Structures are given as C-alpha cells and as structure tokens.
**Q** 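Below is one structure. I have some questions about it.
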Protein chains: 2
Amino acid sequence: MEFLPLLREIVKSYQAFDNYSAPHIKSMDLTPPQFDVIATLGNQPPMTCKSLGDKTLITKGTLTGILDRLEIKGMIERKANEEDARSQKIALTTAGQAIFEHTFPTHMQHLEKAFKQLSPQQMVDLTSALKQLRESIEKLATH
Amino acid sequence: MEFLPLLREIVKSYQAFDNYSAPHIKSMDLTPPQFDVIATLGNQPPMTCKSLGDKTLITKGTLTGILDRLEIKGMIERKANEEDARSQKIALTTAGQAIFEHTFPTHMQHLEKAFKQLSPQQMVDLTSALKQLRESIEKLATH
DNA sequence: GATTATTAGTCCTAATTAGAACTAAGTGAG
DNA sequence: CTCACTTAGTTCTAATTAGGACTAATAATC
C-alpha cells in the first residue's frame, strides 16, 4: 500500500491543474473540452473525428456532442472527406481561427505561470518518471 | 512552452490510471465515484457530506446524486446528526460494509500491480515533485 | 466478385460534473 | 433578543463522460 500517497498525489495534481485552468477557459466562453478541440485544430490541416479524438483523448460518443456545440457556435465545420466517405474532416471556421489565435496564447501564458516554480531539469525528470509509470500501467491494461 | 510535455504527461498518466482502474471497479458493479465513497467510509465512523466531499474531492452537488444511488442499492444510509440538524451522518450499512470488505482489498491488489515497476525511492521522489508542482499551482489559484 | 470483418460517426442511456439558486438551521454582532 | 451572515444539503441546468447499439462505407479474404 506504499503506492497510495503517489496515487493520491497524481489525482490531486491533476485536479489542481484543472481547478486552475477551467475558470480561465470559462472566462473565454468555452468549456475545457471545447478549448481542447479548438487548440488541437489550430494551425493544423483539417482532421477526422478519429484523429481529433486520439489527440484530445476524448472518446467518439463524447466528441459528437462537443463538435455539435462548437458547430452551433460557428467555430468549426464538418466537411466531407474526399478520400473516405465514411469519415469527415473537421476544420476551424474563420471565426474559430480567430478564437484560436486569441485564446490559445493567452491560455498558454496563464498555464506557464503554474509551472514556473520548477526548473527545466525538474520538469524533464518529472516527465520521464511519469512516463515510465504510465507505460507500465498501459502495459497491464492491454492484458 | 517547455512545460507542455509535462502537462501532457500528467493528463495521460491520470487517464491511463483511470482506464486501468475503472473496468475493475465496474466488474464489482460500482462506478468509480461510488467506489471512492465506499472506500472512504470503510472502517471510519459515520461522517457528514461535507467531510465526505472534502476527502473524495467530489463537490456537494455531485455527491447528492452519488449518495442517492448508493442508498437505493442499500449500501449507505443517511442518519440525522444529533449535534447539528443542518447536516447528516453518512454510514455504510451492513451490506455496504460487506461490499467494502470484499472490494477494497481486491482493488488495492489490482492497483498495486500498476505501481510495482517503480522502486520505493522513485515513488517518494515522484510524489514529492508532484506535490511541489501542485502546491505552486494551488497558490496561484487562490489569487 | 460475394461475403465477412473492420472502421467512422451518430444516437442513446445512465452517471458524473460544476456551479448557481434555494431552504433550513446555526452563529455572531449589536 | 434580532437581524445579518454563514453553513449543510438538495435541486436544477447544461455539458461531459463511457460504452453499446446502429448505419454506412471500406477493406480483406476466399
């Protein structure tokens, strides 16, 4: 049971980050998943739902609703995929692009403050330790 | 922007853990928050919603619904609080206690496997690095 | 080439989520 | 004591969440 403090700390870190990030995103009239989608589409060629879901870690059933709301807000559009009629290409509209250009840098600056306390070396070390743990968890999950 | 890999890794680690943990909890006919509540009440004297929410990091509006469902399942009961008529004491029923005794150790064993790859020292280091980061984030959030 | 299997996305359901409004009950200042 | 303030929980709403059923289209196999 010596792993409990670590587990607890992972959960609390994640939630602390969320509690810090979410109000700022809300002040831009977006929800966190909506911002995530806009940020992922920004400065990228249009992509399929599948690809968007893989990058944002949002499952397909959830993604449909998020895209519906962004479409109503006029920020994204669904276009037919020439190469594969099963799928679509999701792209930012001009309005969505403008939102991206305004909100993305602002939010990155907001987040950067939270990480300023760590040295670059600490960030590298922490990242690689978490990665090792994650990969060992993922290995088990596929069994 | 050097913090992005770390941020990404925190999110992915958290989700990897969730993806590993959730199916096992579901196999015991509970949802993750329901299990969280049972585990928090287990081997503890009855506690108020407030206290339960603080420990599980579940907000009060959410907690009401989770407790409703656990009450319907006969696992918890809400009892009047003698000392303060505004609040209640939440307690495991006999059935809930039995579920706790069966599912808690089983799930701990399941989780332990995921952390076996890390040495005790690595766990301590990782925990303290995350804690430092979290505390610096929390300091900003209170502004 | 026909059949089978896989893939992409939508729709549906049950549960969670945060936050705000609301009620009831305790606390504190005068 | 009385009025303002705080606290505990419920209720409500809009959005997310995962997962399964479903449709349409593509790929794979024989």
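Since this is a predicted model, take the numbers as computed values, not measurements. Numbers restart at 1 for each chain; the letters A, B, ... are given by sequence-line order, proteins then strands.
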**Q** Please determine, for the side chain of B:R86, which listed nucleotide (D:dT7, D:dG9, C:dT17) has the closest atom?
**A** D:dT7
**Q** Take atom NZ of A:K26 and atom C1' of D:dA15, then tell me their distance rounded to the nearest Å.
**A** 11 Å
**Q** Looking at C:dA18, D:dA25, D:dA15, which one has an atom nearest to any side-chain atom of A:Q34?
**A** D:dA15
**Q** Side chain of A:K60, heavy atoms from C-beta onward: which of D:dT17, C:dT10, C:dG26 has the nearest atom to it?
**A** C:dT10
**Q** Are A:T64 and C:dT10 close enough that a side-chain N or O sits under 4.0 Å from OP1 or OP2?
**A** yes
**Q** Between A:T103 and A:T106, is any side-chain donor less than 3.5 angstrom from a side-chain acceptor?
**A** no
**Q** Does A:M47 or B:A85 map to a spot on DNA chain C nearer the 5' end, using the closest nucleotide for each?
**A** A:M47
**Q** Quickly work out the A:D84 CG to C:dT6 P distance and round it to whole Å.
**A** 17 Å
**Q** If each of A:T48 and B:P33 is mapped to the nucleotide of DNA chain C with the nearest heavy atom, which maps nearer the 5' terminus, i.e. the 5' end?
**A** A:T48
**Q** Whole-Å distance between C:dT17 C1' and A:Y14 OH?
**A** 12 Å
**Q** Using a cut-off of 4.0 Å on non-hydrogen atoms, how would the nucleic acid contact of A:S87 be classed: base, sugar-phosphate, or nothing?
**A** sugar-phosphate
**Q** Under 3.5 Å, is there a donor-acceptor pair between the A:Q34 and A:K73 side chains?
**A** yes
**Q** May I ask you to check whether A:D36 and A:T56 show a side-chain donor-acceptor distance below 3.5 Å?
**A** no
**Q** Can you measure A:K89 atom NZ to C:dG9 atom P for me and round it to whole angstrom units?
**A** 10 Å
**Q** Both B:G61 and B:P23 contact DNA chain D. Which one's nearest nucleotide lies toward the 5' end?
**A** B:G61
**Q** From C-beta outward on A:T62, which listed nucleotide comes closest to its side chain: C:dT17, D:dA18, D:dG9?
**A** D:dA18
**Q** If you look at every strand shown and take non-hydrogen atoms under 4.0 Å, does B:T31 touch a base, only sugar-phosphate, or nothing?
**A** sugar-phosphate
**Q** Under a 3.5 Å threshold, yes or no: a donor from one side chain and an acceptor from the other, between B:S21 and B:H107?
**A** yes
**Q** Separation of B:I66 atom CD1 from D:dT11 atom C1', in whole Å?
**A** 15 Å
**Q** Grab the NZ-P distance between B:K50 and D:dG9 for me, whole Å please.
**A** 9 Å
**Q** Starting from B:L130, can I reach B:V124 by hopping between I/L/V/M/F/W/Y residues whose side chains sit under 4.5 Å apart?
**A** no
**Q** Whether A:R78 contacts C:dT10 is assessed here as follows: a side-chain N or O lying under 4.0 Å from the phosphate OP1 or OP2. Is that the case?
**A** yes
**Q** Could you state the atom-to-atom distance from CG of B:N19 to C1' of D:dA18 in whole Å?
**A** 10 Å
**Q** Whole angstroms only, please: what is the CG-C1' distance between B:D68 and C:dT17?
**A** 15 Å
